[in-house]
Amino acid sequence: MEKFHDQGLEESTFATWLHDASYKTGMFGKYMNNYTDPSIPPGWDRWYAWNGPKQGWTAINDQGTQRSLIPKAADRAVGDRALRFMANRVDSDKPFFAFVSFGAEHAPYHYDSADAGAFEGEGVPRTDSFNEADVTDKPSFVQNLAPLSDEDTARMDQNYADGLRSLMRVDRFIGNASSLLKSKAEMSNTYFVFYSDNGSHFGQHRLSHGKLMPYEEDTNFPLVVSGPGIPGGQVREQLAGSHDIAPTLARMGGATVPSFVDGRSILPIARNGDSAWPRTAVLSERKIDNIPPSWEMLRLDDATYTRYDNGEKEYYDLINDPLQLNNALGGVSDPSYPPPDQQTRKYYEQRLDILSTCSRGGTMCCRKAEDAPLQPAESSP
Amino acid sequence: LGRSRRNLIVLLVFVGLFSYLILPGLIEGQIANKLQTSFGTPTKPDVEVSSNFPPLMLLGRIDEVEVTMDQANLQGAILYNTRADLRDVEISAPQLVQGNLDVTTTSCSLNVESPPISITENQACLGYLGLAPTGY
């Protein structure tokens, strides 16, 4: 948060872009970790943002005034204020933009007492990757993990069910917002965008509940959109990343996207799955060298290639091995899961080199790097 | 423009446990808050946690907690340059995120420069700091 603020990056965000495009903008809930600044960032007309984790989410900046907040009631307060914001503006000539960020599905999973009985008996799905029996193909930090204990498993099942209960508040908010918009005949004139900041593993590959790992549970998470021109009930398989959110919102609102933006709007493929989408890979990375070591992952349509700072590698064929049980670069030879050849591995390394550094120059080269051919030129048919 | 423009509603759900990358800050903040209440310091005491295996902090296990307070007030007495060193600390993570601090240690030592005070007995040290479990 401090770095983002100190570098002046708040001066140009999707809030300022949409504000400049005549939107009334409102921010509700979590802004960033360690947010304590009493001022309101540029571009926001309505501001209702929690403080950071160091303060325990115990206060909220309500339009510049610090107010106390009961953590258990935070999501309910956020939803209520966001609904009030929408109700006050839905009859206006100007469109509104509500950014509503909930803490649901994050420990300690606060939920309404009315939902205490919901999801009784729900637990973490017991796939083959849960408490994985054989991790000899995995990087050393996974190999060093002991199998999960019964206590670990029980705690994760409890967290999993509580997380589902906490999401009922989000579900209720969506219902209330939809009812409001329908009553004002604005539902067909409104885009909904639903996503999360990251995924989460619950016992897969023996990893106790957490995040920040280069596996599908952590890096492949939902992005759901609805609105004018977007057909319902369809799933798009094209690769999209968090960096696409801002330009997508700008496109939806008819705002101008600055030239420094690396992401691209997904609106064309949301409307029509056959729209051109030349991207062949996106980068996921973790730049804290601790446990596990820093890693960079090339996420392809049907595979992942990961390199760690300590030299270890992982490659998973997501078509034949969606649960990532067989690391083809883990030293366990299995003809069912062949590793990429040397030339392809070298090519993946080059792509990671470019993708992990391209944004620093502030040019558009990241898009070109994402759109590079899937295979090295020499091995193309 | 008017209603020809589209409304936008974005729902973002934050997922996960506390990252052990931000957990030290949370723990330091909670301990500092409690010490500030116990000792009436004008500013938050300086608290630093360290661990050789940071992910274990998610389970509430911390190798070392260091506390320094330039000036503190204990029952009317002014203490200058207080330093405490807690080893093999266990904190209830679920309690922590609820805002409650429940600390146990295998060793705790406390030294005050003026007036000279030295406490090395574990529970007495925690009690002096106001960090002993309820009931102590």
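Here is how names work: the chains are called A, B, and so on, in the same order as the sequence lines, proteins then strands, and each is numbered from 1.
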Portion of A/Arg155 that has a non-hydrogen atom of chain B nearer than 4.5 angstrom: side chain
Side chain, backbone, both or neither: which part of A/Phe202 has an atom under 4.5 Å from a heavy atom of chain B? neither
The criterion is side chain to side chain contact (heavy atoms under 4.5 Å, CB included); which residues satisfy it with B/Ser51, sequence neighbours excluded? B/Met57, B/Asp63
By side chain to side chain contact (heavy atoms under 4.5 Å, CB included) - contacts of B/Glu48 (at least two apart):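 Applying side chain to side chain contact (heavy atoms under 4.5 Å, CB included) to B/Glu48 gives B/Glu28.
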Answer yes or no: are there more than 12 heavy-atom neighbours, outside [X] itself, under 6.0 Å from its atom [atom1]?
{"X": "A/Asp20", "atom1": "CG", "answer": "yes"}
{"X": "B/Arg83", "atom1": "CZ", "answer": "no"}
{"X": "A/Ile70", "atom1": "CD1", "answer": "no"}
{"X": "A/Lys184", "atom1": "NZ", "answer": "no"}

Heavy-atom pairs under 4.5 Å with chain B are the metric here; pick the option from [options] that has the most.
{"options": "A/Val100, A/Leu249, A/Asp75", "result": "A/Val100"}
{"options": "A/Pro222, A/Ser188, A/Gly254, A/Pro228", "result": "A/Pro228"}
{"options": "A/Thr25, A/Asp197, A/Thr190, A/Asp218", "result": "A/Asp197"}

Evaluate side chain to side chain contact (heavy atoms under 4.5 Å, CB included) for A/Leu181 paired with B/Ile9, printing each intermediate quantity in order. CA-CA 11 Å; A/Leu181 293 165; B/Ile9 300 172; 3.7 Å; yes
Beyond-backbone contact of [X] with [Y], side-chain heavy atoms, under 4.5 angstrom:
{"X": "B/Asn7", "Y": "A/Phe97", "value": "no"}
{"X": "B/Val13", "Y": "A/Phe194", "value": "yes"}
{"X": "A/Phe192", "Y": "B/Leu11", "value": "yes"}

Can you tell me how far the NE2 atom of A/His106 sits from the CZ atom of B/Phe14, to the nearest 0.5 Å? 8.5 Å
A/Tyr23 side chain to B/Arg6 main-chain N or O, any donor-acceptor pair under 3.5 Å? yes
In sequence, state the C-alpha distance, the side-chain angles, and the governing distance for B/Leu8 and A/Phe96, and then conclude on side chain to side chain contact (heavy atoms under 4.5 Å, CB included). CA-CA 6 Å; B/Leu8 276 168; A/Phe96 67 78; over 6 Å; no
